[in-house]
Amino acid sequence: MNNTPYLVNHFLEHSALRSPDKVALICDGQRLTYARIEAMANKLANALRDNSICPGDRIIIFLPNSVELVVSIFAVLKAQAVFAVINATTKQDKLLFLARNCRAKAMILPARQWQLAENIQAGASSLKFTVFTGKKPEQMPKSSARHLFFEDIQDSNEDTRPPCILAEQDLACLIYTSGSTGDPKGVMSGHDNVVFAASSIITYLENRNDDIVLNVLPLSFDYGLYQLLMTFKFGGTLVLEKSFTFPAQSLGLMASERVTGFPAVPIMFSILLNMDLSSYDLSGLRYISNTAAALPSGHISQIRDKFPGVTLYSMYGLTETKRTLYLPPAQLDKRPDSVGIPIPGTEAWVEDESGKRLGSGQVGELVVRGRHVMRGYWENPEATARRFRDGSDP
């Protein structure tokens, strides 16, 4: 019996072992194989460990969608630390709050933002050093022991995989909520939470290792993050764009790379529904998916007309559970307004204020139970207690 824990960094490591020469990532004009990303992540992980990163330390990754971001996520995991990807448009005061909140030990961000890094380090005593990506600006002060450079690490560090001794229950990442109704809260996900959620979603999407997924969503958004994690788990290829700012460019990539999977959100579908897609060869597309806000029933029919023969997955999710419900495609015509059924391996029901489960057609509070449910909110027991009840997540 194999008692070795299955960790999130194994998504990359196992795919690199199975298919080292397969293109894993297409980004910024680069085509990187699994073996290349594995080597780059190992180099950065070794540098993090050499600079006293210990198991459980939190590391903020403040980068846009990029090769460096992908490498950094897996490097942090390989270093037995916890990653928190923060949206690259976040303002200084909020970034400082997040760094203080999770007591980040290190930060990874573009060298052009060196002044921001200095300000954050001055205000967050837990930060010991920064890893800068890209070229060093001329006006940047002379480097110190608090500054490391991604390119230097790739040129000089060993690509030997560092030892990783963690349990599946150990923390893998913090995904911060938007903070629209108060301060952002760090949703804690263990390796087991992420592995289970990724496996469950892959199951109902019927992903295969020949799938090519186009992701234009930020990896700071859990829907975007999981496109990376799931693709590396099933050994496919991820086409990573910075955003959907230029839809025609994204559609061109979808056609030229023969993309098979396209995750989107309602605003993106609204844009696509107002475009002429006839000049793009999208015959490789097998499925499209939606989460965040629900798709209006009218949009569902229009999307299916716009993408004939393509399977549409309408889904409902919470950051706290990653994915919660999905509507089996065969039910779209019969139940276009439904949020669907629990994802494989989980439970969901509706109950009233007294905790009594309600039947069909009754209105109440959604309760979710499964291995995808978060550990809780980072150092916020009051908010965690409000969310949890009897091991469930309402």
*Asks:* Take M40 and K43 through the side-chain contact (heavy atoms from CB on, under 4.5 Å) test and state the conclusion after the steps.
*Replies:* CA-CA 5 Å; M40 293 176 72; K43 289 181 177 183; 5.8 Å; no
*Asks:* Would you mind reporting whether D352 and Q362 have side-chain heavy atoms less than 4.5 Å apart?
*Replies:*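 No, every pair of side-chain atoms sits at 4.5 Å or beyond.
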*Asks:* Should we say atom CD of Q115 is surrounded by more than 12 heavy atoms from elsewhere, each under 6.0 Å from it?
*Replies:*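 Atom CD in Q115 is packed in, count exceeds 12.
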*Asks:* What do you reckon, are the aromatic ring centroids of F262 and F307 less than 6.0 Å apart?
*Replies:*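 Not under 6.0 Å, so no.
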*Asks:* Of all the heavy-atom pairs spanning L214 and S250, show the shortest one and how long it is.
*Replies:*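 Looks like CD2-O, 3.6 Å.
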*Asks:* Are Y34 and F232 an aromatic pair by the rule of ring centers under 6.0 Å?
*Replies:*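 Ring centres of F232 and Y34 closer than 6.0 Å.
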*Asks:* Determine, for D28 against K242, whether the closest basic-nitrogen to carboxylate-oxygen distance falls under 4.0 angstrom.
*Replies:*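 Result for this pair is yes, salt bridge flagged.
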*Asks:* Answer yes if the side chains of S125 and R100 hold a donor-acceptor pair under 3.5 Å, and no otherwise.
*Replies:*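 Not at all, the side chains of S125 and R100 share no donor-acceptor pair under 3.5 Å.
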*Asks:* Is any side-chain N of the basic residue among D281 and R258 closer than 4.0 Å to the acidic one's carboxylate O?
*Replies:*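 So D281 pairs with R258 through a salt bridge.
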*Asks:* Distance alone, cut at 3.5 Å: any donor-acceptor contact between the side chains of E320 and Y377?
*Replies:*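 Their side chains do contain a donor-acceptor pair, which is all the 3.5 Å distance test asks for.
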*Asks:* For the residue pair T33 and D21, confirm or rule out a side-chain donor-acceptor distance under 3.5 Å.
*Replies:*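 Per modelled atom types, T33 and D21 side chains form no pair under 3.5 Å.
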*Asks:* When you check the side-chain N and O atoms of S301 and R304, is any donor under 3.5 Å from an acceptor?
*Replies:*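 The answer is no; no qualifying pair exists.
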*Asks:* For the backbone of L219 and the side chain of N65, can you confirm whether one donor and one acceptor N or O come within less than 3.5 Å of each other?
*Replies:*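 The answer is yes, because a donor-acceptor pair under 3.5 Å joins these two groups.
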*Asks:* Short question: side chain of N193, backbone of V373 - any donor-acceptor pair under 3.5 Å?
*Replies:*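 Yes, because the side chain of N193 sits within donor-acceptor range (under 3.5 Å) of the backbone of V373.
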*Asks:* Among side-chain atoms of Q121 and T130, is any donor-acceptor pair under 3.5 angstrom?
*Replies:*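 Side-chain D/A pair, Q121 to T130: present.
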*Asks:* Using the test ring pair (Phe, Tyr, Trp, His ring centres under 6.0 Å), find all partners of F11 that sit at least two apart in sequence or belong to another chain.
*Replies:*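 Once residues adjacent in sequence are excluded, the partners of F11 under the ring pair (Phe, Tyr, Trp, His ring centres under 6.0 Å) criterion are Y6.
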*Asks:* Check whether more than 12 heavy atoms from other residues, nucleotides or ligands sit under 6.0 Å from atom CD of E347, and answer yes or no.
*Replies:*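 Yes, CD of E347 has more than 12 neighbouring heavy atoms, counting only those of other groups under 6.0 Å.
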*Asks:* With a 4.0 Å cut-off on N to O distance, would you call K136 and E151 a salt bridge?
*Replies:*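 The answer is no: the pair does not qualify as a salt bridge.
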*Asks:* Does R36 come within less than 4.0 Å of D159, counting only side-chain N to carboxylate O?
*Replies:*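 Looking at R36 and D159, the cut-off is not met.
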